[in-house]
Amino acid sequence: MHVSFNIGSDLEAAVSGAAQAAGLEPGAFSPELRAADPRHGDFQANGVLGYAKARKLNPRAVADQVVAALPASLREHFEVGIAGPGFINFRLKPATLLAWLCTYDSAEHLKSGAAALYHGQRYVVDFSSPNTAKQLHVGHIRGMVIGEAICRLLAFCGAEVIRDNHIGDWGTQFGKLIWGYKHLRNDAALAADPLEELERIYKAADAAAKADPAVLDAVRAELVLLQSGNPENRALWDRINTLSAGAFTSIYRQLGIHFDHQLGESFYNDKVPQVYTELTAAGLAVESQGALVVFHPEHPRFKTQPFIIRKSDGAANYASTDLATMLYRTEHFRADAIAVLTDARQSDHFEQLWLTTQKWFAHTGRRLPRFEHVSFGSILGEDGKAIKTRSGDPIKLQALLAEAEERAFALVTEKSPELPEAERRDIANAVGVGAVRYADLAQNRSSDYIFSWEKILAFEGNTAPYLLYAVTRIHSIFRKAGLDPAAAMAGATPPETPEELALARKLVGFATVLNLTTAQLRPHFLCTYLYELAGEFSTFYVANKVIVDDAPVKARRLLLCARTLLVLETGLQLLGLRTLTRM
RNA sequence: GCGGUGGUAGCUCAGCCGGAUAGAGCAACGGUUUUCUAAACCGUCGGUCGUGGGUUCGAGUCCCGCCCACCGCGCCA
């Protein structure tokens, strides 16, 4: 029996076809296929309600017509019913559930099923993008974690993903850093802990510039010198970047994050003049108060709120380099889509950037890629205020991860003292880092996130430990039975008990959730799904003993276990979590 | 002032293009282990979905007004 990966989208097409065959107005009817409440079925089509209402028809009669026109083959897979005012309900037959489970039996097969979604599309994903000479702190982690998950998800769904770390290695902060380096540096401290000292220098220079306009001018002058190629400043710049790159790399390695490119702002330095020239020629950029700016007359705010692409002192800023970056990603990488991850406070900037790019490319006859600013809320302290780099004591990422691991180690030791210490350390790493990561992913990215140890390390509910535990329980079953979960499962019969059926249905829903998650680039949809899947598994696990004497029952339960394991591990890996076999 | 994001159970959050009796976790209370990992499972309790209108057969979801919180709005990124 052939069964497609995304059963829902096939069903939707079938209902559309049936409506047409039944003589409903072409183009006027949409199936409105939804995942249904399990009490009613697996899918429901609501489209006839609106259609019938608009034409003063009896909705149940219309539903009857549509159902009667469904292809006979569809009834091999679904039980079809009409309920209430005209809902059409579809319930997957156990044999179809079994067929799906037998077909999608490996990560490769799941991937090839999902690949239709973004096949042939090239995505440039810009994430992490820290500023040089500032240590990574808790405020940086969200973009890193969400960005990595998005890259993995898009690649799994067939896209060609180009990961680019757009490092802030050319901004105004270098004026402060270089001025501070020349005037405020402590050589002993720099030798002992370069990044710490550079950060201190930066903060001190920033404070001095705020306090004294003369310092501010000097800082700007250093930046102009750097950007015009002054050898001394250039050498300092180089040194500062080298020092910080090492620190970033170590964190990226810990988190399993990698990039294909690290084209920082400096890379675009020589590409900025073209932006000025073309935007001016297009009549988009104008001089205002000594700066080169772009206004958008059709926009209620951006008709007066300028997009400053060259500062009055002649220096470039991030608008300049971001425009050059859009061009480079379009022309050099031939991106079909560009996704940039930053916190939501930069929304205005990216809206202006995108408006400007559209007009610019239209004017110069360039192909326009899709663009998405993947924004996310700020990380807040327990007091509900944003954690900022220059105020208070933001938690360093290095320290955060170390503490998470330490706390996880204490818990593992408490729960599983019999395991050797080396293994407990390894488990603590996966659980601790995974918990921090998962906490950032599980919440809708558009809302702010209140950081608290209690929440990040909570081991109940929708958390990494709960999911990792479900994975280890499944491994344990196979270990006890002396079986390989990846081996073929012969002799399985279709799911029968309520728990088996609920679990099988949830597994089939993996296709839909991949669709939803990538369409909106919101990993929390996948998190919610995996949490629900793990819940269905736990319910199944306590109610249905797997290793039983009845061979067909044992085979089908082992099959369900194997597929749950496959989907959980695949899903968690897409989110960037490392899974375990014991904990 | 303009704009963005949010306001759902005591707390932290889900709720996808409008659909059938609004869901989890924590907290509180009660139960489950001679049986594959109890970091688990099951049950009870708990909600005028900020507020007032509107559209609709149907609104937590869409539209308008208002209230509250946070964020952004000319040379930081």
Side-chain angles (χ1 to χ4, degrees), chain A residues 30 32-37 39-40 44 46 49-50 52-53 59 83-87 89 129 131 168 171-173 175-176 206 220 265 288-293 300-302 304-313 315 317-319 321-322 342-349 351 375 377-378 380 384-386 411-412 414-416 431 442-444 446-448 450 452 454-455 458-463 465-466 468-470 472-481 512-513 515-517 519-520 522 524-525 527-528 531-532 535 538-539 541-548 557 561 582-583:
Chain A
S30 160
E32 291 184 31
L33 196 80
R34 309 276 186 268
D37 185 310
R39 286 173 300 211
H40 303 118
Q44 59 182 62
N46 303 334
L49 286 121
K53 180 65 192 175
F87 300 113
N89 291 329
S129 308
N131 284 333
T172 308
Q173 79 270 23
K176 290 171 186 166
D206 185 58
R220 286 186 178 145
E265 290 173 348
S288 171
Q289 297 175 25
L292 192 63
V293 309
R301 273 179 310 125
F302 302 146
T304 52
Q305 183 179 320
F307 189 50
I308 299 171
I309 65 171
R310 188 180 63 208
K311 298 194 286 182
S312 53
D313 61 10
N317 65 0
Y318 83 140
T321 49
D322 276 3
T342 78
D343 71 80
R345 288 175 298 189
Q346 299 183 39
S347 295
D348 274 2
H349 168 77
E351 204 181 328
S375 64
S378 306
L380 308 178
K385 294 192 170 186
L411 282 162
V412 179
E414 182 192 330
K415 299 289 180 186
S416 306
V431 172
Q443 190 166 331
N444 189 342
S446 52
S447 42
D448 286 349
I450 294 176
S452 82
E454 196 180 327
K455 174 163 183 169
F459 279 45
E460 294 96 19
N462 188 7
T463 65
Y466 179 82
L468 294 174
Y469 179 67
T472 59
R473 282 176 124 186
I474 303 173
H475 274 294
S476 177
I477 292 169
F478 284 96
R479 199 159 47 231
K480 282 273 164 58
T512 310
V513 81
N515 212 334
L516 182 64
T517 305
Q520 298 191 28
R522 291 183 190 273
H524 83 280
F525 286 124
C527 294
T528 303
Y531 175 55
E532 288 169 355
S538 289
T539 303
Y541 176 91
V542 294
N544 297 266
K545 181 140 176 75
V546 176
I547 307 302
V548 292
R557 289 184 181 167
C561 288
R582 287 203 295 188
M583 64 185 275

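Residue numbers start from 1 in every chain, and the chains themselves are labelled A, B, ... in the order their sequence lines are given, proteins ahead of strands.
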**OP:** Could you tell me whether Q346(A) contacts a base, only the sugar-phosphate backbone, or nothing, with contacts defined as non-hydrogen atoms closer than 4.0 Å?
**Re:** base
**OP:** Sticking with atom P, work out how far C41(B) lies from G4(B), rounded to a whole angstrom.
**Re:** 41 Å
Subject >> Atom pair CD (Q289(A)) and NZ (K311(A)), whose distance is rounded to the nearest 0.5 Å >> reply: 15.0 Å
**OP:** For R34(A), answer base if it contacts any base atom (sugar-phosphate contacts may also be present), sugar-phosphate if it contacts only those atoms, and nothing otherwise; contact means non-hydrogen atoms under 4.0 Å.
**Re:** base
Original post:
For the base of C75(B), is there a side-chain donor-acceptor partner from S312(A) under 3.5 Å away?
Top reply: yes
Original post:
Which part of the nucleic acid does N89(A) contact within heavy-atom distance under 4.0 Å: base, sugar-phosphate only, or nothing?
Top reply: base
Subject >> Distance test, side-chain N/O of K176(A) to OP1/OP2 of C76(B), below 4.0 Å >> reply: no
Subject >> Nearest heavy-atom neighbours spanning S312(A) and A291(A) >> reply: N-CB, 3.9 Å
Original post:
When we call it a touch if two heavy atoms are under 4.0 Å apart, what does Q443(A) touch: a base, just sugar-phosphate, or nothing?
Top reply: sugar-phosphate
**OP:** Tell me what A83(A) touches on the nucleic acid: a base, only sugar-phosphate, or nothing, going by heavy atoms under 4.0 Å.
**Re:** base
**OP:** Report yes if at least one side-chain N or O of R473(A) is closer than 4.0 Å to OP1 or OP2 of A38(B); otherwise report no.
**Re:** yes
Subject >> Q520(A) CD - A14(B) C1' separation (whole Å) >> reply: 14 Å
Original post:
From R473(A) CZ over to Y541(A) OH, what is the distance, rounded to the nearest 0.5 angstrom?
Top reply: 5.0 Å
Original post:
Going 5' to 3' along nucleotides 23-35 of chain B, which nucleotides have protein heavy atoms under 4.0 Å from the base (write B), which only from the sugar-phosphate (write S), and which from neither (write -)?
Top reply: -SSS--------B
**OP:** Check every strand shown and say whether Q44(A) touches a base, only sugar-phosphate, or nothing at a heavy-atom separation below 4.0 Å.
**Re:** base
**OP:** Would you indicate what V513(A) reaches in the nucleic acid, counting non-hydrogen atoms under 4.0 angstrom: base, sugar-phosphate, or nothing?
**Re:** nothing
**OP:** Remember a base hit wins even if backbone is also touched, and classify T512(A) as base, sugar-phosphate or nothing at under 4.0 Å, heavy atoms.
**Re:** nothing
Subject >> Atom pair CG/NZ of D206(A) and K176(A) - distance to nearest 0.5 Å >> reply: 4.0 Å
Original post:
Within a strict 4.5 Å, meaning less than it, do heavy atoms of the S129(A) and T342(A) side chains meet?
Top reply: no
Original post:
If you look at every strand shown and take non-hydrogen atoms under 4.0 Å, does S347(A) touch a base, only sugar-phosphate, or nothing?
Top reply: nothing
Original post:
Using the benzene-type ring in the case of Trp, are the ring centres of Y466(A) and Y531(A) under 6.0 Å apart?
Top reply: yes
Original post:
How is I474(A) classified with respect to the nucleic acid when contacts are heavy atoms under 4.0 Å: base, sugar-phosphate, or nothing?
Top reply: nothing
Subject >> Distance, nearest 0.5 Å, that separates NE2 of H349(A) from CD1 of I308(A) >> reply: 11.5 Å
**OP:** With C1' as the reference atom in both, quote the distance from A24(B) to A69(B) in angstrom, rounded to an integer.
**Re:** 25 Å
Subject >> Distance between C1' atoms of A59(B) and G43(B) (Å, rounded) >> reply: 32 Å
Original post:
Base, sugar-phosphate alone, or nothing: which one does P306(A) contact when heavy atoms must sit under 4.0 Å apart?
Top reply: base
Subject >> Sugar-phosphate only, base, or nothing, as touched by A291(A) at under 4.0 Å among non-hydrogen atoms >> reply: base
**OP:** Sticking with atom C1', work out how far G58(B) lies from A39(B), rounded to a whole angstrom.
**Re:** 43 Å
Original post:
According to the Watson-Crick and G-U wobble definitions, with both distances under 3.5 Å, which nucleotide is paired to A69(B)?
Top reply: U5(B)
Original post:
Using a cut-off of 4.0 Å on non-hydrogen atoms, how would the nucleic acid contact of N544(A) be classed: base, sugar-phosphate, or nothing?
Top reply: base
**OP:** Answer yes or no: side-chain N or O of Y318(A) and base N or O of A77(B) forming a donor-acceptor pair under 3.5 Å.
**Re:** yes
**OP:** Give R557(A) one of three labels, base, sugar-phosphate or nothing, depending on what nucleic acid heavy atoms sit under 4.0 Å from its own.
**Re:** nothing
Original post:
Is the phosphate of G15(B), meaning OP1 or OP2, less than 4.0 Å from a side-chain N or O of H524(A)?
Top reply: yes
